[in-house]
Every structure is written in structure tokens, then in C-alpha cells.
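Written below as C-alpha cells is the structure these notes are about.
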Amino acid sequence: MRAFQLLLTLAFALLLAACGKPTAFQGSDISGVSFGGDFTLTAQDGKPRKLSDFQGKAVALFFGYTQCPDVCPTTMVELKDVMKQLGTDADKVQVLFVSVDPARDTTAVLAQYVPAFDPRFIGLTGSQADVAKVAEQYKVIVQQQGDGANYTVDHSAGTYLIDKQGKLRVLVNYGAGSAVLTHDLRALVQE
């Protein structure tokens with residue numbers, strides 16, 4: 001009987017330890033970093049939106065621009081695929097696309113581009129200064145290349161994942177694929 005009680009106590013201790021075990025992300029776990037946080041930009045419908053408006057959902061935050069030839073549309077297609085893979089959990093996720101090219105990415109342009117990937121996705125823009133402030137807040141590097149109407153914008157290409165409490169948790173590097181994004185978003189939704 002005493003051995004049974006000892007075994008039961010040990011099993012209970014292991015169960016408690018497993019409950020407190022941190023989530024194993026496939027992207028880079030950046031929980032506890034001192035950057036990120038709330039911000040306000042203008043959504044594709046012309047209304048101001050805060051990151052904190054989406055508390056209660058996991059957020060995939062991507063910085064890009066609509067005239068990007070490769071990284072941005074590839075990432076948006078991956079995020080569309082992620083939403084399909086998540087099934088009903090997709091309702092607990094918000095994808096936010098922050099334009100790093102506010103001069104060309106007006107709300108009207110974002111309203112055409114972003115929902116074309118998934119109608120639930122939201123595009124955000126603002127003044128050059130507002131966008132630069134948010135990019136700096138998230139340690140995103142943005143640099144215009146070239147002059148005139150056909151310039152390109154070099155920018156950091158990872159996707160940030162934010163938990164339901166609004167805390168920055170994961171950075172998924174460009175090229176990691178939709179399976180990594182799906183795994184980590186599902187983990188955040190289920191926390």
C-alpha cells in the first residue's frame with residue numbers, strides 16, 4: 001500500500017510538472033523580450049486599430065509591402081495556408097499585415113491586397129513616422145532602395161507571433177514554412 005501511495009504521489013508530481021512545462025515552439029522563442037508592445041495604426045477600412053484590440057486571439061504580425069516581388073506574397077500565401085490548416089482554431093487567430101511602404105500602400109490599396117489572401121486578414125498603415133515608430137518598436141529594419149516610382153523596400157522578413165494576452169512570444173523566420181507557423185500558432189491558441 002505504501003509503495004502505491006509513493007507511486008501515486010510521484011505520478012501526481014510529474015503531472016504537475018508537465019502542466020507547468022513551457023511550450024516548445026518550432027520558431028525562435030522570444031518570450032520575455034523587452035521590445036514589441038501595443039501600437040495604433042490605420043486599418044484598411046480607414047479606422048484606427050490597436051494591437052490590444054485583438055487580445056484574446058493569437059496574432060501573426062508581418063511587416064511587408066504590397067509591391068514586394070517575392071517575400072511578402074509568399075508569406076501571405078503561407079499565412080493563408082496556416083489558417084486552413086488550423087481549421088476551427090483559425091477563428092482564434094488574427095493576421096495583421098503592417099505596410100512598411102505607407103507612401104504607396106494607402107488604405108484603399110491594402111483593402112484590395114490583404115483580404116485577397118484571406119478576408120479575415122487586416123492590413124495596417126499610417127504616416128511614414130507612425131509606421132517607422134512601430135517598425136522600430138519591433139526591431140524591424142526598413143530601407144528604401146532606389147528613387148522614383150519603382151523603388152523597392154528592403155525589410156526584415158520574419159513573422160512575429162503574439163499570444164492571447166498580447167505578449168510577443170515567437171519569431172518565425174522567412175522560409176521556415178507554413179507547418180512551423182501552424183504548429184506555433186496552434187500552441188499559442190491552446191495555451
Would you find more than 12 non-hydrogen atoms of other residues, nucleotides or ligands less than 6.0 Å from [X] atom [atom1]?
| X | atom1 | result |
| --- | --- | --- |
| Lys167 | NZ | no |
| Asp147 | CG | no |
| Glu136 | CD | no |
| Lys80 | NZ | no |
| Gln137 | CD | yes |

In the single-linkage hydrophobic clustering (I, L, V, M, F, W, Y; side-chain heavy atoms under 4.5 Å), do [X] and [Y] co-cluster?
| X | Y | value |
| --- | --- | --- |
| Val93 | Leu61 | no |
| Val153 | Leu96 | yes |
| Met76 | Tyr65 | no |
| Leu161 | Phe39 | no |
| Tyr174 | Phe62 | yes |

- Apply the test side chain to side chain contact (heavy atoms under 4.5 Å, CB included) to residues Leu86 and Arg186: give CA-CA distance (whole Å), side-chain angles for both, the deciding distance (0.1 Å), then the verdict. CA-CA 7 Å; Leu86 286 172; Arg186 182 169 279 126; 3.9 Å; yes
Which heavy atom of [X] sits nearest to which heavy atom of [Y], and what is that distance?
| X | Y | result |
| --- | --- | --- |
| Ala60 | Leu79 | CB-CD2, 4.0 Å |
| Ser99 | Val131 | O-CG1, 3.1 Å |
| Thr107 | Ala43 | CG2-O, 3.3 Å |
| Cys72 | Gly64 | SG-CA, 3.5 Å |
| Leu185 | Val82 | CD1-CG1, 3.7 Å |
| Ala58 | Val189 | CB-CG2, 4.0 Å |

Going from [atom1] on [X] to [atom2] on [Y], what distance comes out if it is rounded to the nearest 0.5 angstrom?
| X | Y | atom1 | atom2 | value |
| --- | --- | --- | --- | --- |
| Gln44 | Leu124 | CD | CG | 8.0 Å |
| His183 | Gln26 | NE2 | CD | 4.5 Å |
| Lys139 | Ser34 | NZ | OG | 6.5 Å |
| Gln55 | Asp163 | CD | CG | 8.5 Å |

- What is the ring orientation for Tyr138 with Phe63, classed by angle as parallel under 30°, tilted 30 to 60°, or perpendicular over 60°?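 Plane angle between 30° and 60°, so tilted.
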- Task: Evaluate side chain to side chain contact (heavy atoms under 4.5 Å, CB included) for Lys92 paired with Leu188, printing each intermediate quantity in order.
- Result: CA-CA 10 Å; Lys92 301 170 189 169; Leu188 289 175; over 6 Å; no
- Query: Checking side chain to side chain contact (heavy atoms under 4.5 Å, CB included) for the pair Thr125/Thr106: CA distance, chi angles, key distance, verdict?
  - Reply: CA-CA 7 Å; Thr125 191; Thr106 63; over 6 Å; no
- Ring-ring centroid check Phe117 Phe97, cutoff 6.0 Å: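 For Phe117 and Phe97, the ring centres are not under 6.0 Å apart.
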- Query: Can you check side chain to side chain contact (heavy atoms under 4.5 Å, CB included) on Val114 and Ile122, steps first, answer last?
  - Reply: CA-CA 6 Å; Val114 176; Ile122 296 174; 5.7 Å; no
- Message: Salt bridge or not between Lys84 and Asp81? Use side-chain N to carboxylate O under 4.0 Å.
- Response: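 Result for this pair is no, no salt bridge flagged.
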Could you tell me whether the side chain of [Y] reaches within less than 4.5 Å of the side chain of [X], counting heavy atoms only?
| X | Y | result |
| --- | --- | --- |
| Asp89 | Gln190 | yes |
| Asp101 | Thr66 | no |
| Pro73 | Cys68 | yes |

- Item | Test item: side-chain donor near acceptor, Asp38 and Ser52, under 3.5 Å |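 Present: a donor and an acceptor within the cut-off.
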- Query: In this structure, which one of Met83, Glu78, Gln85 forms a side chain to side chain contact (heavy atoms under 4.5 Å, CB included) with Leu181?
  - Reply: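 Only match with Leu181 under side chain to side chain contact (heavy atoms under 4.5 Å, CB included): Glu78.
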